[in-house]
Amino acid sequence: MTMAPEELRPAGAPSAALVPRRRISIWVWLLVGLVLISAVRVLTGANEVDSAGTMRETVNASVPIALAALAGLWSERAGVVNIGLEGMMILGTIGAGYFGYWYGPWAGIVGAMVFGMIGAALHALATVYFGVDHIVSGVAINIIALGAAAFLADTWFSGLRGGGPTQSPPLDAPLSITLPGISDAMITLQDKHWFIISDLASLVAAVTTELSSMTVLAVILIVGSALLLWRTGFGLRLRSCGESPVAAESLGVNVYRYKVIAVLTSGAIAGAGGAFIALVSSGIYQNGQTGGRGYIGLAAMIFGNWRPGGLVMGSVLFGYTDALQLRAGGEAVHALLILVAIILLGVAILQFRRGLKIAATTSLVIGVGFAVWFFTTDTVPADFTRMTPYVTTLLVLGLAAQRLRMPAADGLRYRRGQAG
């Protein structure tokens, strides 16, 4: 007689369905990505796919997205959906432009965070206290911020030399860090074009050559947020508000207070992301310079499954594709096609092993399509090159949707006293 798997399980042993999958470290995923990129570079001869310049641009493109994603993480872990990230980043750029011009870059960063918190305060007031739909409130914040920034720019910068109704005069950047000995050695090693070794050298060169101190600040914010939210009692109480505010209130947690703290922190971090764009990426304030990075940060947070390590991966993914198309153009993006095909093949295998046959088939078909595109062409059209970051984001989000789990009470209206 054939016995079922459950009958063969030793007494007291947990069911396979109850055994959690071991979480793979972000460092493992980044190493796998580096190996794949190195292999693509060697096979295609497109050395710009991971040159030190491309990696440096990747860092600069990833940081504001990662900060926007981190801002969304704080808010949504407390149960407040924050579509207003884009508006808070816009307020951050205008705050950085004004205070950065008159008082220096670090005053600009503080001013940006304060301006971001102003937008967040409006969002918290509307959603936490007045029960306004979170999406409606977030969209309203974005519209208000866009108009307010345009008005303030015209008021503050029109009469200044080098300024105008839509932009500030040039702004000083925060301190940049270069380690001359290491940087020069890594550039030399990169030029050898050795498998893996030169690619690692490119990465080290990118983070030891003109690394903005704001990038260091962003890393501190991400690591600090992860420790605070997942390793402290404060973080446990805040996350409980996003999972079950009624249960949290029954245990004595002031749910309103934690939601407001989370949303205000979200606004400050999003404002810092706007400061990075104005002070580091551009060196000037301009209307509309966020370019939708608040929305992309929200997508990176969702891709990362509302966890710090995952949102970093999502931000780096978008930042890399954006840097690649800006720095290297069609040839490097063409090499990226085979990389996407390989990744989709791996995703299809994982999905098939988990029983997600429809998703696995979709991934496989799209992957084969990218492979055929790569082998039948020599470059990609310029229009598609510019769309690469957005297409990549949509593709990855679509394929990752099977494993996502948002906080249980995220976006739900909550009223004090519901526990009673």
Got [X] and [Y] here, is their nearest side-chain heavy-atom distance under 4.5 Å?
| X | Y | value |
| --- | --- | --- |
| Phe318 | Ser62 | no |
| Tyr285 | Tyr98 | no |
| Phe276 | Leu217 | no |
| Thr209 | Leu211 | no |

Just by distance, no angles: are the side chains of [X] and [Y] close enough, under 3.5 Å, to form a donor-acceptor pair?
| X | Y | result |
| --- | --- | --- |
| Glu210 | Ser176 | no |
| Glu249 | Tyr414 | yes |
| Glu57 | Thr54 | no |
| Gln286 | Thr166 | no |
| Ser363 | Gln351 | yes |

Inset, instruction - With side chain to side chain donor-acceptor pair (under 3.5 Å) as the test, would you mind laying out the steps for Gln190 and Ser198 before giving the verdict? - result: CA-CA 4 Å; Gln190 170 208 264; Ser198 292; over 6 Å; no

Inset, instruction - Would you please test Ser212 and Thr215 for side chain to side chain donor-acceptor pair (under 3.5 Å) and show each step? - result: CA-CA 5 Å; Ser212 172; Thr215 301; 4.5 Å; no

Inset, instruction - May I have the step-by-step check of side-chain contact (heavy atoms from CB on, under 4.5 Å) for Val253 and Cys241, ending in yes or no? - result: CA-CA 8 Å; Val253 176; Cys241 296; 4.0 Å; yes

Legend entry - Mutual orientation of the aromatic rings belonging to Phe234 and Trp74 [parallel < 30°, tilted 30-60°, perpendicular > 60°]: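 Tilted, since the angle between the ring planes falls between 30° and 60°.
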
Legend entry - Side-chain donor/acceptor of Lys259 to backbone N/O of Ala78, under 3.5 Å: yes

Legend entry - Carboxylate-amine/guanidinium contact Glu243 Arg77, below 4.0 Å: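 Looking at Glu243 and Arg77, the cut-off is met.
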
